[in-house]
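Report on the structure given below.
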Amino acid sequence: MAAKPDHYDGSDIQVLEGLEAVRKRPGMYIGSTGPRGLHHLVYEVVDNSVDEALAGYCGKIEVWIHADNSITVADNGRGIPVDKHPKEKIPTVEVVLTILHAGGKFGGEGYKVSGGLHGVGVSVVNALSTRVEVFVKRDGSEYKIAFDHGKTVEKLKKLGPAKGTGTKTTFWPDPEIFTETTVYDYDTLANRFREMAFLNKGLKIILHDERVTDAEGNPRTEVFQAQGGIVDFVKYLNEGRETLNKPVYFEAENEDGTVEVALQWSTSYSSNSVMAFANNINTHEGGTHLDGFKQAITRTINEYARNKGLLKEKDANLSGEDAREGLAAIISVKLHDPQFEGQTKTKLGNTEIRPLVQNAVTRGLAEYLEENPTPAKRIVGKATQALKAREAARKAREMTRRKNVLDSFALPGKLADCSSKDASQSEIFIVEGDSAGGSAKQARDRKTQAILPLRGKILNVERAGLHRSLSSDTISSLITAIGTNIGDDFDAEKARYHRIIIMTDADVDGAHIRILLLTFFYRYMPELINLGYIYIAQPPIFGVKKKNSRTTKIERYIYDESALSEVLAEMGGAEKYDVQRYKGLGEMDPEQLWETTMEPQSRTLLQVNIDDAAEAERVVSELMGDQVEPRKEFIQKHARDVRFLDI
Ligand code: 0RA
């Protein structure tokens with residue numbers, strides 16, 4: 001609640017000072033003014049509606065991305081109160097929109113949890129928008145109020161009689177604040193709403209994108225609703241995988257908050273499908289709830305395995321990593337006063353929640369294993385296998401280490417290294433095939449650009465597992481060239497390049513290799529993705545040259561399939577030109593490869609960024625997992641636009 005000297009009767013001074021502070025330092029309130037902050041505005045508004053849903057008054061939230069990138073959020077909750085606020089003497093809805101920290105927290109009694117990354121409230125959205133309009137339906141009438149840069153420009157007025165209740169907010173993000181971009185990304189919003197629907201059982205969220213319409217003019221629309229809640233979330237994470245048990249669900253509650261856990265093992269080798277949330281926020285950095293969960297899993301699996309004689313007396317204990325190999329799990333806690341810590345404020349600090357999670361999972365899992373001996377054996381079997389593989393991989397690593405001591409710094413023979421030893425200035429192109437590798441070696445700037453050609457397909461690390469992956473030549477040369485090692489021995493400081501660029505052909509095979517490489521980085525060097533070191537090169541798909549021209553001079557390169565006809569029209573019509581489609585990098589000569597794809601000044605690189613680990617994890621395992629069907633379907637569906645796949 002904004003502190004307010006009591007001799008002001010109006011709220012203007014305080015309001016303007018408050019919202020001015022938000023406009024001066026937006027980063028403090030929404031994290032950044034880049035794309036993340038822009039999307040955060042939507043979450044802030046939607047979170048208020050979700051709060052209304054958590055309180056039991058709202059079942060449906062509808063979101064529109066309008067053609068001008070303004071956003072509307074509508075819910076069927078009670079409607080923000082419109083009566084005169086007892087302290088501020090203006091309508092409550094105006095207080096909510098104009099006074100900092102007034103959102104969500106006011107009038108709250110009894111049990112109430114509040115989402116929102118910073119919990120800053122919708123007044124921040126108002127401060128950072130050129131215009132906001134709010135429509136409220138309650139007590140049989142509809143009301144409207146409007147704002148300009150946070151200032152009230154249309155006082156609350158009654159529009160007329162109306163049925164039902166609810167709140168509808170439209171805002172236009174201020175381009176003077178969001179200087180980088182004001183364009184909303186559909187997938188970012190869709191992924192967040194899917195997650196929210198999973199985390200709030202039964203809640204219906206509908207997303208419309210009016211920038212994209214079908215033949216009849218209907219906007220692209222998607223409905224997110226999960227009647228099974230986080231159990232559906234776990235099934236979603238395991239789509240395309242061969243599972244070892246039906247999803248298990250536990251919940252517990254005490255005066256500190258509530259805990260829900262769903263988990264299911266599969267034959268996958270992945271251990272990063274465990275996600276923890278606090279008040280609907282993805283706690284990427286973990287925290288006390290995740291610690292409690294991990295401890296409970298390790299202990300319970302070990303105890304069960306010992307009791308049933310599945311681990312012998314002489315056997316070592318299963319490690320946490322062993323027990324979690326192939327585990328997909330959602331931990332969702334809701335607490336009154338969440339403490340968010342860590343670099344990105346996504347680490348839960350509340351110590352009281354650890355024993356609550358730990359006890360719930362220990363009790364629930366022990367009971368489940370006891371009552372379901374068949375899946376229980378499979379789960380323990382998977383963990384013991386993981387233990388053996390870990391041992392074998394450790395031995396293999398020790399061997400390579402010893403070898404490295406003998407012929408020190410044995411870099412892979414295929415690597416054409418750069419001469420610079422300054423990693424921040426160095427980049428490595430991972431290139432598909434020897435012939436493209438040859439072109440790239442001729443084209444490169446030897447000082448800063450290294451080339452590593454890969455022969456043929458790289459191993460599918462999702463299916464092969466760590467031990468077999470390490471004994472693959474391609475994978476080990478990749479690891480050695482990059483220099484960081486993997487797993488427990490991973491050290492980002494040892495990265496020999498700060499730009500690791502995947503450069504593959506613009507066809508389905510190229511896309512396949514790219515996905516395999518991304519899977520590899522995601523599994524074994526995820527930190528390099530987080531550091532922003534992994535990139536995808538963007539070679540052109542077409543080269544356009546003058547018809548009958550004797551020279552090979554390319555007039556124009558085209559990087560986007562859909563832009564071809566437009567560019568040709570712009571160049572004066574298709575008749576005058578020959579269009580060459582580049583199927584592979586090898587079809588360009590070194591000079592062309594340099595100017596289109598490698599030259600730092602003119603190229604475009606896509607930075608690989610795992611914003612939504614759940615989605616990446618799922619796509620990777622759906623494509624790379626044990627089951628062949630989803631992969632076939634995906635490749636057929638995306639064969640044409642596979643270049644633009646972003647993972
Ligand atoms: C506090 C009290 C009441 C409604 C809300 C908040 C509310 C806020 C938002 C923000 C977006 N949608 C919302 N829906 C409801 C109502 C209290 C009452 O009616 O007694």
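Whatever order the structure lists ligands and atoms in, that order sets their numbers, starting from 1.
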Item to check | Per-residue contact class, C58 against ligand 1 - non-hydrogen pairs under 4.0 Å | outcome: neither

Checklist entry - F233 vs F277 aromatic rings, parallel, tilted or perpendicular, using cut-offs 30° and 60°? => result tilted

Item to check | The one among K168, E52, R138 that brings a heavy atom closest to atom 18 (C) of ligand 1 | outcome: R138

Checklist outcome for this item: Atoms of ligand 1 under 4.0 Å from any heavy atom of T167, numbered from 1 in the order shown, are 12 (N), 13 (C), 14 (N)

Checklist entry - So with a 6.0 Å cut-off around CD of E222, is the heavy-atom count from everything else above 12? => result yes

Checklist entry - Above 12 or not: heavy atoms from other molecules or residues under 6.0 Å from NZ of K60? => result no

Checklist outcome for this item: Looking only at non-hydrogen atoms, the one of N48, I80, D83, D75 nearest atom 12 (N) of ligand 1 is D75

Item to check | Ionic contact status for E154 with R131, cut-off 4.0 Å | outcome: yes

